[in-house]
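Right, one structure below, let's go through it.
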Protein chains: 2
Amino acid sequence: MAMDGTDQNNLEQGIYTKDATHLRKNGHHRRSLSDLSPSQKCGAWVSHFQQLFVLFIGADWIYLMLLGFVVAVLSFTVDIFVDLFTEAHRWIYNLADSHVVLQYLAWVTYSLLLMCFAAGFANIVSNKATGSGIPETKTSLRGVMLQEYFTFRTLVSKVISLTCVLGSELPVGKEGPFVHVGSVCAALLCKFMSLFSGIYKNKSRNEEMLTVGCAVGISCCFAAPIGGALFSLEVTSMFFLTRNYWRGFLSATFGGFIFRLLPVWNRKEETLTALYATKYRLDFPFDLQELPIFAAMGIVCGFGGAFFVYLYGKISLFVKKQQAKKSFLMRNCFFYSALVSVLISTLTFPPGFGQFMAGQLTKKDSLISFFDNRTWSNHGIVADFDNDDYLAAWKHPQANVFIILSVFIIMKFWMSALSITLPIPCGSFVPIFIIGAAFGRLVGEGLATLFPDGFNVDGHIYHIVPGAYAVIGAAALTAGVTHTISTGVIMMEMTGQISYTLPILISVILANMISQSLQPSIYDTAIRIKKLPYLPTLSWGHREKYNIYVEDFMKRDVRYITLNSTYRDIVKILRSGNLKTLPLVKSAESMLLLGSVERAQLLGLLTQRMQHNKQNASTMPNRYKVRFQMSTEESASATNAKPMKSALKKPSVDEEEITSVYDSGLNLKKFFCSRPEIEAMEDDSDAEDDTILQEIEEWEEQQLDEQVTFNSCKIDPAPFQLVEHTSLHKTHTMFSVLNLDYAYVTSIGRLIGAVSLKELCKAIEGNTPGDGVRLRPVLSTFRDRGVRGTRTETIALHQLLEHPLSSCANNI
Amino acid sequence: MAMDGTDQNNLEQGIYTKDATHLRKNGHHRRSLSDLSPSQKCGAWVSHFQQLFVLFIGADWIYLMLLGFVVAVLSFTVDIFVDLFTEAHRWIYNLADSHVVLQYLAWVTYSLLLMCFAAGFANIVSNKATGSGIPETKTSLRGVMLQEYFTFRTLVSKVISLTCVLGSELPVGKEGPFVHVGSVCAALLCKFMSLFSGIYKNKSRNEEMLTVGCAVGISCCFAAPIGGALFSLEVTSMFFLTRNYWRGFLSATFGGFIFRLLPVWNRKEETLTALYATKYRLDFPFDLQELPIFAAMGIVCGFGGAFFVYLYGKISLFVKKQQAKKSFLMRNCFFYSALVSVLISTLTFPPGFGQFMAGQLTKKDSLISFFDNRTWSNHGIVADFDNDDYLAAWKHPQANVFIILSVFIIMKFWMSALSITLPIPCGSFVPIFIIGAAFGRLVGEGLATLFPDGFNVDGHIYHIVPGAYAVIGAAALTAGVTHTISTGVIMMEMTGQISYTLPILISVILANMISQSLQPSIYDTAIRIKKLPYLPTLSWGHREKYNIYVEDFMKRDVRYITLNSTYRDIVKILRSGNLKTLPLVKSAESMLLLGSVERAQLLGLLTQRMQHNKQNASTMPNRYKVRFQMSTEESASATNAKPMKSALKKPSVDEEEITSVYDSGLNLKKFFCSRPEIEAMEDDSDAEDDTILQEIEEWEEQQLDEQVTFNSCKIDPAPFQLVEHTSLHKTHTMFSVLNLDYAYVTSIGRLIGAVSLKELCKAIEGNTPGDGVRLRPVLSTFRDRGVRGTRTETIALHQLLEHPLSSCANNI
């Protein structure tokens with residue numbers, strides 16, 4: 001008999017488990033190999049090696065290095081293909097230089113075709129691949145696992161269409177999608193490794209690995225392991241355990257190493273260096289007088305970042321409305337993408353408007369030119385650097401460099417905000433980065449023109465370095481959009497220059513302060529627009545959250561079951577809502593919380609009752625009995641096929657079937673019959689006698705009024721509980737670090753309410769309007785900050801003994 | 001009447017609270033200023049400004065910047081004085097160059113005097129200032145607040161004696177003490193700011209600020225804001241919330257900025273640069289062939305780091321034993337310090353043995369020389385660089401540079417391990433750093449000698465840069481000792497060079513892997529030796545922790561009180577242990593956990609009963625009644641003095657007094673009498689009649705058998721509960737992130753056990769031997785890794801209804 005993967009795995013785990021238990025029990029009394037016969041010895045050696053192999057495979061570092069390797073290779077491959085695509089673009093464009101219309105057609109059509117292919121591929125293979133993927137990863141790490149986002153299909157769809165999108169030179173980035181790709185790789189690798197070692201089946205361990213995947217994704221985009229590890233934590237996690245800190249670093253370092261090693265092997269580079277290595281002077285990086293300018297840049301970038309998020313939100317909502325209306329624009333996935341692609345490539349067409357915005361430069365080229373350590377301008381006219389294609393783009397006979405840079409910034413700003421709303425894989429990090437660098441370059445060149453003599457310090461002349469301004473601008477604007485500090489670190493690693501630590505950090509922090517008090521981050525905005533179940537972070541200043549208590553926002557009418565509940569009560573409760581777990585209290589009078597029961601368990605109880613009735617159905621009407629027996633036997637034989645799965649976690653009942661029976665209305669007849677049976681009954685209903693039907697109904701009514709016996713039901717005896725005087729701040733911490741979806745509110749063991757993610761979100765944000773995005777007033781956090789005296793989170797018993805339970809009494 | 005600080009503060013908070021409530025209640029219906037009369041207007045403006053001021057003071061960034069400023073100024077001041085001390089040392093040494101004995105005396109005595117002063121000052125002013133302070137800070141952040149470590153006295157003691165220790169040129173560092181100094185400053189600043197704004201009274205907020213203090217401390221030592229923020233997280237926190245991430249960065253950046261700005265203002269430096277700025281080439285930082293060497297260095301440093309920790313542990317334990325024995329060596333605080341100081345300064349005496357270990361160089365000088373971008377040696381002989389005092393130290397006519405470097409490493413290794421066990425403020429970071437740098441320099445110089453032609457890549461010749469090896473060695477060895485990854489980041493920020501990111505990270509990670517599987521970190525070792533209540537982190541590979549469950553290590557005989565407990569039971573329980581909180585169950589039969597009661601609350605109940613008896617003491621013997629009345633009136637008038645404090649949290653009873661009464665033996669007579677009264681009774685006991693005494697005792701017995709009424713007692717209705725099948729791994733996470741000291745183990749609401757920090761530590765580490773340090777066998781984590789199938793953490797009700805409660809029944 002051939003064993004499938006799962007069985008083999010179970011077996012292996014079994015062997016291993018037995019062995020481990022044996023080791024545990026016998027302590028140091030292991031049987032030595034010399035006591036055994038040769039054949040036994042051989043078997044022992046094989047099992048020994050098997051065990052060692054499992055141990056080896058189960059070691060964290062093997063997994064982490066594999067993950068780094070896979071993502072680095074993917075990232076490098078994407079880069080190579082993107083380079084090929086853009087080279088081909090230039091080649092076709094140059095080939096058609098006989099006529100400008102022909103050239104225009106070549107320029108636009110190439111982008112259009114790649115774009116359409118990307119949009120089509122993404123939407124046909126797996127539409128989970130569209131967008132950046134960071135919001136979904138964030139939600140999954142919060143505990144609400146969006147399984148379909150972590151499949152092989154999504155990975156293929158994402159990588160291939162991302163390559164085409166980047167090849168079409170749309171102003172979108174690779175980092176967001178690669179955070180997603182990294183986490184998909186992490187999830188798939190866990191699945192793959194679980195074939196060899198049972199440790200990869202542990203859910204919480206695999207969730208820890210998702211964070212690592214994000215870190216690797218970033219690290220392999222920018223060759224920035226430290227920044228990547230930190231950025232992934234800031235963007236995707238609510239909190240992290242210091243003991244897991246090294247994982248992200250190990251994997252990101254190895255990934256970054258491989259990512260930079262591949263070009264060296266490929267003979268493209270000499271050795272491992274930074275991605276955009278700069279060569280600014282080290283001895284006098286900047287003057288003290290420049291610091292206020294850096295700070296001002298941070299503030300401007302903060303406002304700019306907030307405005308970008310605002311613009312993105314507005315466009316997204318517009319697109320969403322059009323989609324909801326099924327307007328002409330949105331009828332299929334191609335049209336909108338094609339329109340935007342044509343618009344953008346028309347505007348960047350180098351002989352056309354593109355000449356005023358360096359249209360022929362790719363993203364990479366423009367970054368290299370911005371970070372150049374020379375000063376471009378001499379009173380606005382670009383100096384002549386021989387054989388530098390990059391700088392030539394910024395030189396224009398009619399317009400000076402300031403105008404071109406300004407046009408570049410303005411055009412790229414709205415183009416980027418527009419592009420990242422398309423239904424394709426796209427990130428916002430790199431386009432923002434480029435805009436920020438352009439802004440920095442603009443400021444730097446301006447200053448270099450204003451102060452052509454630079455600074456005179458102790459007789460030494462130090463000129464202004466406009467490239468450094470570009471670095472700081474890029475870091476600050478990205479920080480403003482993403483609300484992270486680690487963009488500064490990424491920037492340093494990307495440019496291979498750390499002498500600007502202080503200016504970068506100062507401007508990044510200022511940009512964060514400004515933009516956080518104006519808008520949520522771009523990822524949080526996306527989460528709100530997509531209405532994903534996510535807990536918002538407490539904002540920059542969150543003092544007022546200490547003064548709101550659980551009792552102020554908890555849900556007071558909680559549905560519950562008691563030890564005395566009847567089957568009818570359970571059916572009613574299950575039909576009344578979609579709660580995953582229900583609290584079990586001792587009685588409706590005492591409200592003492594005993595634990596919580598999962599919905600599936602309750603469904604299991606009902607099925608069990610059904611089977612129980614089959615066996616002792618002395619009171620059942622005859623005809624019905626026969627039918628009942630038939631149908632339950634059928635279902636029993638069906639469930640026999642996979643006994644292991646069903647025996648372990650779920651009761652052997654198809655939840656969907658039962659709930660669908662419920663959903664078809666409170667027809668009690670249907671409750672104890674399976675669907676085919678009911679159909680059969682309805683088919684020959686003309687042959688039925690009315691009296692028999694009535695008999696059945698009466699019997700059923702009687703059955704339903706019996707008390708539930710919870711004997712075989714698994715109960716979680718310690719569901720998470722809060723006290724009514726727990727502050728919002730503390731509740732937020734609890735929900736964040738424990739990944740809670742709900743918590744019960746109790747007073748001395750009595751259930752008095754419940755808080756779910758929904759209530760908590762509301763309490764943190766206030767009521768969000770229907771569109772899901774709230775544009776907060778400027779510096780709103782400085783308003784209405786009340787500090788009430790700290791209440792102790794305990795309560796007097798006598799208050800509770802007289803506690804009005806009226807709020808709960810009207811349940812069931 | 002003059003108001004003291006607390007009153008004023010209460011008042012202000014009161015005003016503020018009222019105002020805030022007013023705002024909350026009236027929503028947008030605020031009264032506009034124009035409706036008021038001029039005098040009212042003025043008052044309104046004043047209160048408005050007052051409110052604005054409180055808001056301003058309460059803003060996080062004000063606090064964070066202040067903190068950064070204070071610590072930076074402290075750090076800079078310490079540096080200036082240390083420089084002065086070392087300069088004076090050299091001056092005296094050079095002054096006495098007429099005779100070598102005189103010179104020796106000058107060299108040794110100077111160190112000795114400073115050392116003795118430091119030891120004396122630290123031990124007399126506040127002996128909490130001794131040691132690095134990181135273990136204590138770590139413990140405090142874990143939730144066990146060691147209050148006496150965060151006082152102004154400790155701060156003064158630490159800063160002044162640290163300056164002297166550093167001035168005496170003992171091989172100890174400033175970073176550990178500055179982590180402590182930073183957190184003390186954070187705590188003190190919170191206290192100071194709480195005079196202006198009530199928000200600074202929030203305990204959890206202040207704890208968050210302690211972490212920030214650590215980050216600032218590191219940042220102001222090395223001018224490394226990013227590395228500082230990360231290092232403080234790695235070393236002091238078990239976990240962190242992403243929403244607090246920016247605080248550390250803001251404060252550390254501002255601190256680092258001020259720390260580097262002060263020398264510029266002081267005309268010592270031209271502009272803000274890295275502390276030990278290097279100038280290695282940027283275009284070709286290293287060749288691929290060098291990577292295996294970097295990796296090998298990481299591995300060696302891992303072993304070296306573990307050995308350092310081992311050595312430190314052994315010396316510490318030896319010192320501790322001597323202290324316990326009160327041996328001659330340890331009889332006073334000076335002797336041991338003086339002995340070590342004389343030993344070390346004798347060995348480093350430049351004309352003596354010091355000439356073979358560059359004895360005349362200070363820590364700063366040797367670091368500068370190690371990070372030098374020139375190659376020192378030509379086949380082992382130091383090249384002649386003009387006017388370089390630093391390099392001259394490594395040149396010796398009889399010995400080549402390899403020998404001197406080796407001697408330096410070996411001598412500094414044990415000297416550092418010895419020095420950090422002294423009862424003075426001392427850190428291990430910088431000495432380790434120097435040893436690592438020396439090791440790296442040794443390897444680098446060796447390679448430069450072996451391959452004098454360097455690497456030939458595409459026709460370019462690139463020589464080996466030994467300084468870079470020093471950078472990597474320093475990062476790796478520090479990582480091995482501290483078990484952190486951020487040392488790599490600190491290294492980059494210190495040297496102002498980021499091109500070696502990958503080699504640094506690779507060697508740091510390898511060093512971590514090796515040393516973590518051999519030894520706990522130096523801070524954890526110190527925690528174990530000092531027996532501080534700290535939860536150890538799960539080690540590098542912690543798979544087996546998924547297979548141990550709470551039921552395997554919980555404490556089964558838990559002391560509890562029931563709703564039917566008598567006063568006698570409470571007295572018994574309070575006397576039987578030192579538990580801070582006691583579980584309250586419904587009855588001994590049902591064991592339903594209702595909540596937990598604090599020890600202080602129970603003491604309060606007893607006092608209350610006492611006062612209650614005073615009022616309705618109809619059954620009380622006459623004589624006793626008079627006395628009782630007298631004593632309680634006294635205590636009532638005493639408590640009246642501070643009614644606000646006592647009314648809020650504590651019952652109006654001096655806990656110490658009551659417990660001391662308990663501690664003096666179960667004399668029931670004493671229970672209802674206050675101490676002075678008992679003394680009075682004992683004084684005139686000869687005049688007492690035996691019958692009266694007996695009467696009193698009988699009455700007391702009767703009183704004690706009454707049931708407790710919990711009406712006025714504050715009960716925490718939701719103490720933290722675990723299920724018996726919670727894994728050790730999950731329990732560890734819970735205890736870490738929630739800062740728990742204990743948790744009750746329940747089954748469907750029934751109390752079946754308890755887990756405290758102690759049990760958890762034992763479960764994680766196994767039983768530690770009596771000396772508190774366990775030296776783990778090599779790669780122990782690879783042994784005995786069993787993977788049992790994942791058990792679900794729920795339990796069947798019927799199991800629990802029949803649950804044997806015998807384990808709990810024998811309590812009380």
Side-chain angles (χ1 to χ4, degrees), chain A residues 16-17 20 23 198-199 202 225-226 234 237-239 241-243 246 249-250 253 257 270-272 279 282 284 287 457 485 489 492-493 496 498-499 501-502 505 509 537-538 543 546 594-595 710-711 714-718 721 723 737 746-749 784-789 794 796-798, chain B residues 16-17 20 23-24 55 198-199 202 225-226 234 237-239 241-243 246 249-250 253 257 270-272 279 282 284 287 457 485 489 492-493 496 498-499 501-502 505 509 537-538 543 546 594-595 710-711 714-718 721 723 737 746-749 784 786-788 794 796-798:
Chain A
Y16 189 53
T17 309
L23 283 180
I199 194 77
N202 188 296
I226 302 168
E234 276 192 276
S237 311
M238 298 291 287
F239 84 106
L241 284 167
T242 315
R243 65 165 189 250
W246 63 273
F249 274 93
L250 173 59
T253 303
F257 168 64
E270 278 188 341
T271 186
L272 306 176
K279 292 174 192 169
L282 292 172
F284 190 89
D287 193 78
V457 180
I485 299 204
V489 183
M492 290 175 216
E493 287 184 277
I498 207 173
S499 1
T501 317
L502 280 175
L505 280 180
I509 288 172
T537 42
L538 293 180
R543 280 203 308 172
Y546 291 108
L594 296 180
F710 286 98
N711 279 354
K714 287 200 189 302
I715 291 164
D716 175 7
Q721 295 170 38
V723 191
V737 300
T746 55
S747 285
I748 318 218
D784 296 334
R785 284 179 171 171
V787 181
R788 279 203 259 163
T794 49
L797 183 66
H798 68 98
Chain B
Y16 190 51
T17 309
L23 282 180
R24 267 165 64 102
L55 273 182
I199 194 76
N202 188 298
I226 302 169
E234 277 192 275
S237 311
M238 299 291 287
F239 84 105
L241 285 166
T242 315
R243 65 163 191 252
W246 63 271
F249 274 92
L250 172 60
T253 303
F257 167 64
E270 278 188 344
T271 187
L272 307 176
K279 291 173 194 172
L282 292 173
F284 190 91
D287 193 77
V457 180
I485 300 209
V489 183
M492 289 174 217
E493 287 184 277
I498 206 174
S499 0
T501 316
L502 281 175
L505 280 181
I509 288 172
T537 42
L538 293 180
R543 281 207 303 176
Y546 290 108
L594 296 180
F710 285 99
N711 278 353
K714 288 201 189 299
I715 291 164
D716 175 6
Q721 295 170 37
V723 192
V737 299
T746 54
S747 286
I748 318 217
D784 297 334
V787 180
R788 277 201 261 163
T794 50
L797 182 67
H798 69 98

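Proteins get letters first, then strands, A, B, ... in listed order; numbering begins at 1 in each.
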Nearest heavy-atom pair of A/L502 and B/T253: which atoms, and what distance?
->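 For A/L502 versus B/T253, the nearest heavy atoms are CD2-O, 3.8 Å.
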Exercise: identify the closest heavy-atom pair between B/I498 and A/G496 =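 For B/I498 versus A/G496, the nearest heavy atoms are CG2-C, 3.1 Å.
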Rounded to the nearest 0.5 Å, what's the gap from CZ on B/F249 to CG on A/L505? Could you check?
->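 With rounding to 0.5 Å, CZ (B/F249) is 7.0 Å from CG (A/L505).
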Quick one: pull up CD1 in B/I226 and CD1 in A/I485 and give me the separation to the nearest 0.5 Å.
->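 Output value for this atom pair is 9.5 Å.
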Sequence neighbours left out, what passes ring-ring contact (aromatic ring centres under 6.0 Å, His included) with A/F257? Give chain and number order.
->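 Checked A/F257 against ring-ring contact (aromatic ring centres under 6.0 Å, His included); zero matches.
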